[in-house]
Protein chains: 2
Amino acid sequence: MSYTKTEENYLKAIYGLESKFGKSVSTNKLANKLETKASSVTDMVKKLAKKELITYKKYQGVSLTKCGKEIAINIIRNHRIWEVFLVEKLGYKWDEVHEIAEQLEHIKSEELVDRLDDFLEHPSFDPHGDPIPDKKGNIPTRKEAIQLNELAIGEEGIIVGVKNTNNEFLQYLEEMNLTLGKKIKVEKVFDFDKSKIIKTEKKKVTISKEVSSNLIIEKS
Amino acid sequence: MSYTKTEENYLKAIYGLESKFGKSVSTNKLANKLETKASSVTDMVKKLAKKELITYKKYQGVSLTKCGKEIAINIIRNHRIWEVFLVEKLGYKWDEVHEIAEQLEHIKSEELVDRLDDFLEHPSFDPHGDPIPDKKGNIPTRKEAIQLNELAIGEEGIIVGVKNTNNEFLQYLEEMNLTLGKKIKVEKVFDFDKSKIIKTEKKKVTISKEVSSNLIIEKS
DNA sequence: CAATATTTTTAGACAAGTCTAAAAATATAT
DNA sequence: ATATATTTTTAGACTTGTCTAAAAATATTG
C-alpha cells in the first residue's frame, strides 16, 4: 500500500504533535501545523481513520495507530537520511536542507533510501542532531542529552542537537559558531533573565534563555 | 514560475515525440505516450497553450514554444543527472533507475541538480548513453555515433548508447555483456536475416538485426 | 448553572486532472 | 465524391484536497 504526499504529511504532523504533547492531537493544532484550515483537517482525518492509520472520535482529536506510526516514522527516516546526504555530499549548510528534504522524503522507493543509507554509512543522527530511525523503526538515543538550560556553571558539553529548526535560529547559531559538535562550557548565568555566558573554542558569547533552552547538549 | 508534475510530464512527452517524428504532435500520440485518454490530453493541451508553453490549433496537434522546450530540456537534464547518481553512487544497475528518476526529476530546486552535477563531476552522458543537457540547454554530441547496423564486417567500436530503454532489452544486454563502454568487433553478418556475430572482450555472441539496430556505437 | 467564547464539524463550492459517451472534424476508401 | 472510419473535441461527471460560511458541540466564565 502506498499513500499520497498529503496523507504522509498528515501522519508526520500527527506524529510530531503526539510526541510533543503526549495526548491526542486536536484538529486546530493539526491545522496550524499543516498551515491549512480546520475544516480541511476534519475531512482528511476521516479518510485516514477509514484507512485505519489513525483513530478519530468526533470532537476528541486523533492519534496514530500502530500502522500509522510506522508510516510516519518511515517518512521521518527518509527525511533525515536525505538531509545527511544534502549536507555531507552536496555541501549544503544545515539550515538550507529542510524544504528540499520535505520533497525528497516522499519519493516512492523502499530500496532508494536503504541504498542511500548504505552510501552514507548508516548515520544515526541528522545534521540537526535528530535521531534517524532504522528500517524497523527503532530510534537511536543519546546517553545524556539535556537542554543547555540544565547545565550548571562550570559544566561542559558538546552541542548535539537543536529543538527548534527555524531558519532564523539556525542562521543565528551559525553566526555565533554554536554548531553541531562544538564543545562549550557555561561560564556564568545571569539570574535576572537566565541569560548565560558560554565559552566556545574560540571565544565567549552571551546567549538568551530562549537560545539555551533550544540547544541539546551531551554532557562531558 | 513553477509547473506541476503533470505539466512537466506533458512537456517532456511532447519534446520526445517532436524530436522523434519531426512534426507537430498529435493528441492520440500524446495520449498513448502518457498512458491517458485523448480527451484528457485535449484539456491539458489547452492549459499549456494558454500558458504559452506550446502552440495548439484544434485538430492540428501541438508543438513546444521556446519556453516550453527549455522546461522540457531541463526536466530531461534532471532525469539524466539523477540516473548517473543512482548508478554511479548508489550502485543501481542501468535498467533499474528509470522509474525512480521519473520521480526525482520533478523535485523543485534549481540548486539541487547543479550541486548534484558538481558532485558527479559534470557527466556528459547518462548510464544509457543519452546526452545530458547543460544548464543552458546545450546538448552534447558524440563524434561519430552510429547504429551497430551500419558497422561493416571487421570494423570495431565502443557501445555508447541504446535506442530502446525497454527493461527487457536492457536486461538482455546485461546478460550478453553488451553494456556501455564495451568494445566490440563485427565478425560476420548473415545476409538472410541481417543477424551478426559480434566479438566482445570475452566471447563471441550472435545478435539479431533488431538488437543491432538499437545499439549506438562510436567507431574506433 | 446559564451565557458566552472557542473549537470542531457540516454543507456546499472550487481547482486540477482524469474519465466516459457523444458530437464534430478530418482522413480514407470505394 | 460520397460513405465510412478514425481522430479529436465537447459536455458532463468523478476524485483529491482545499476553502468559506454556518451549525453543532465543547469549554470557559461569571
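This structure is a prediction, so every number in the text was calculated from the model and none was measured. Each chain gets a letter, A, B and so on, in the order its sequence line appears, and its residues count up from 1.
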J.: Can you tell me if A:Tyr10 touches the phosphate of D:dT16, counting only side-chain N or O atoms and a distance under 4.0 Å to OP1 or OP2?
T.: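 No, A:Tyr10 has no side-chain N/O under 4.0 Å of OP1/OP2 on D:dT16.
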J.: Closer to the 5' end of DNA chain D via nearest nucleotide, is it A:Thr4 or B:Lys29?
T.: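 Whichever sits nearer the 5' end wins; that is B:Lys29.
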J.: Using 30° and 60° as the class boundaries, would you call the ring planes of A:His128 and A:Trp94 parallel, tilted or perpendicular?
T.: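 Parallel.
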J.: If the cut-off is 4.0 Å, is B:Lys46 near the phosphate of D:dT9, judged by side-chain N/O to OP1 or OP2?
T.: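 For D:dT9, OP1/OP2 do not have a side-chain N/O of B:Lys46 under 4.0 Å.
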J.: Say you draw a straight line from NZ of B:Lys89 to CG of A:Asp118; how long is it, rounded to the nearest 0.5 Å?
T.: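 Here the rounded value is 15.0 Å.
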J.: Can you tell whether the side chains of A:Lys37 and A:Asp43 come within less than 4.0 Å, N to carboxylate O?
T.: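 Salt bridge between A:Lys37 and A:Asp43, a charged N being under 4.0 Å from a carboxylate O: no.
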J.: Could you tell me whether the phosphate oxygens of C:dT9, OP1 or OP2, come under 4.0 Å of any side-chain nitrogen or oxygen in A:Tyr56?
T.: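 Yes, because at least one side-chain N or O of A:Tyr56 sits under 4.0 Å from OP1 or OP2 of C:dT9.
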J.: Let me see the working for A:Glu8 and A:Lys108 under salt bridge (Lys or Arg N to Asp or Glu O under 4.0 Å), right down to the final yes or no.
T.: CA-CA 11 Å; A:Glu8 289 181 349; A:Lys108 259 75 195 165; 3.2 Å; yes
J.: Kindly give the atom pairs (protein nitrogen or oxygen, nucleotide nitrogen or oxygen) under 3.5 Å for nucleotides 24-29 of chain C.
T.:
{"unit_1": "C:dA25", "atom_1": "O4'", "unit_2": "B:Tyr59", "atom_2": "OH", "d": "3.3"}

J.: With a 4.0 Å heavy-atom cut-off, tell me which residues in residues 30-42 of chain A come close to DNA chain D, sorted by residue number.
T.: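 Within this stretch, A:Thr36, A:Lys37, A:Ser39, A:Ser40 sit under 4.0 Å of the strand.
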J.: For a quick test of reading the model: is some side-chain N or O of B:Tyr3 closer than 4.0 Å to OP1 or OP2 of C:dA16?
T.: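 So the side-chain polar atoms of B:Tyr3 never come under 4.0 Å of the phosphate oxygens OP1 or OP2 of C:dA16.
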J.: Regarding B:Arg80 and B:Asp117, does a basic nitrogen lie under 4.0 Å from an acidic carboxylate oxygen?
T.: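 Salt bridge between B:Arg80 and B:Asp117, a charged N being under 4.0 Å from a carboxylate O: no.
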J.: Output yes when B:Arg77 and B:Glu70 qualify as a salt bridge under the 4.0 Å nitrogen-oxygen rule, no when they do not.
T.: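 So B:Arg77 does not pair with B:Glu70 through a salt bridge.
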J.: Closer than 4.0 Å, any side-chain N/O of B:Asn28 to the OP1 or OP2 of D:dT8?
T.: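 Checking B:Asn28 against D:dT8: at least one side-chain N or O falls below 4.0 Å of OP1 or OP2.
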J.: Which heavy atom in B:Leu151 sits nearest to a heavy atom in B:Lys219, and how many Å separate them?
T.: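 Closest approach of B:Leu151 to B:Lys219: CD1-CG, 3.8 Å.
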J.: Does a side-chain N-to-carboxylate-O contact under 4.0 Å join A:Lys12 and A:Glu105?
T.: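 Salt bridge flag = yes for A:Glu105 with A:Lys12.
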J.: Rounded to the nearest Å, what distance is computed from the CG atom of residue B:Asp43 to the P atom of nucleotide C:dT20?
T.: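 The distance from CG of B:Asp43 to P of C:dT20 comes to 13 Å, rounded to the nearest Å.
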J.: Under 30°, 30 to 60°, or over 60°: which ring-plane class applies to B:Phe169 and B:Tyr172, parallel, tilted or perpendicular?
T.: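 Answer is parallel, since the angle falls under 30°.
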J.: Using whole Å, what does the distance between atom P of nucleotide D:dC19 and atom CE of A:Met44 come to?
T.: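 Value for this atom pair: 13 Å.
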